[in-house]
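Below is one structure, written out as structure tokens; comments come after it.
Counting starts at 1 for both ligands and their atoms, following the listed order.
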Amino acid sequence: MLLLIDAGNTRIKWALAEDGAAPGTWLASGAVAHADLNHLPASWARHGVTRALVSNVAGSKLHDQLQLMIPTTAISWFASTAQLAGMRNAYRNPSQLGCDRFAAALGARALAPGQALIVATCGTATTIDAVSADGMFLGGMILPGLGLMATSLARNTAQLPQVAPGATLPAGFADNTADAILSGCLSAQAGAIERACALHGASACIVSGGAAQYIAPVLRLPIEHRIVDNIVLIGLHSTVTSSPLQDSPC
Ligand SMILES: Nc1ncnc2c1ncn2[C@@H]1O[C@H](COP(=O)(O)OP(=O)(O)OP(=O)(O)O)[C@@H](O)[C@H]1O
Ligand SMILES: CC(C)(CO)[C@@H](O)C(=O)NCCC(=O)O
Ligand SMILES: [K+]
């Protein structure tokens, strides 16, 4: 049994896949906040995990904690490289690219091969990355995520409150403070994605992450766009199914 993990700055997402399963076909999956990390081993215990593939962008402390919790020594720590699974990486220093971004791009390409893609991952940070039709990761944009944007207003102003993202975009020019903050932050997120799609001449756009449910509905795009849950886990899985996973305990 293969354990896939996407350790982000807010939550840790995981999935279990049987050998030979298609990317995105899980036996079980879940997510926990960093504070609830200790709940993870119980979720995995009865599944007979034999190997693990982990994307971690949340630092070395979490790396060490996960290493102790994962019930196998056959752990591969995913990293961005200059080339992998048919994707070339145009980042100036390929290893500087967040491994969750590289995995998300691989996942997007697995779902929409041969298309000029924008993949937006809307988590703690929002990343908006471009993949060419022939499989080049071109680079992208990093901005504060929806929650971080709203929180930075509350923290750095006297009169603005903390707002919780709601399910609907207050239409355009809001007539109250909470809706005006939400309208501004959502418009910034959606606007950046729309701008990236136009710049790239994208033919498809994939939106993922915890805030995708708020941002995707307000996108105004002339091309197909869809929410895909856990695009990072799908990307990790695709690297295993297209080439054998190299077990490198570390
Ligand atoms: N119930 C909620 N209340 C407020 N914000 C939310 C809520 N659910 C999701 N979000 C938004 O989703 C984003 C973070 O999502 P989530 O906690 O799911 O992280 P994530 O996608 O797992 O990110 P990362 O991979 O960085 O950990 C924040 O920008 C936040 O605004
Ligand atoms: C941007 C985040 C925080 C998104 O999770 C992560 O991919 C990261 O830490 N990236 C490293 C910097 C870069 O991608 O250029
Ligand atoms: K993210």
Restricting to salt bridge (Lys or Arg N to Asp or Glu O under 4.0 Å), what partner residues turn up for Arg101, sequence neighbours left out?
Asp129
Of the listed options (Asp100, Val57, Thr121), which comes nearest to atom 4 (C) of ligand 2 when hydrogens are ignored and any heavy atom counts?
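Residue with the shortest heavy-atom distance to the ligand atom: Asp100.
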Select the closest option to atom 3 (C) of ligand 2 among Asn9, Thr127, Thr124, judged by heavy-atom distance.
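It is Asn9 that holds the nearest heavy atom.
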Enumerated ligand 2 atoms positioned under 4.0 Å from heavy atoms of [X]:
X	value
Gly98	7 (O), 10 (N), 11 (C), 13 (C), 14 (O)
Leu97	14 (O)
Gln96	11 (C), 12 (C), 13 (C), 14 (O), 15 (O)
Tyr91	13 (C), 14 (O), 15 (O)

If we ignore hydrogens and angles and just use 3.5 Å, is the side chain of Arg195 paired with the main-chain N or O of Ala190 as donor and acceptor?
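Not at all, since once roles are kept as given, no pair shorter than 3.5 Å links the two residues.
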Backbone of Leu97 reached by a side-chain donor or acceptor of Ser80 within 3.5 Å
yes
Glu18 atom CD, neighbour heavy-atom count above 12 within 6.0 Å
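Result for CD/Glu18: open.
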Give me the ring orientation class for Phe137 and Phe102: parallel if the planes are under 30° apart, tilted from 30 to 60°, perpendicular past 60°.
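Perpendicular: the ring planes of Phe137 and Phe102 meet at over 60°.
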Before you tell me yes or no, could you show the steps for His34 and Arg11 under side chain to side chain contact (heavy atoms under 4.5 Å, CB included), namely the whole-Å CA-CA distance, both residues' side-chain angles and the distance that decides it to 0.1 Å?
CA-CA 6 Å; His34 284 204; Arg11 296 186 309 157; 5.7 Å; no
Distance-only N or O hit between ligand 2 and Arg101, under 3.5 Å
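N/O-N/O distance under 3.5 Å: yes.
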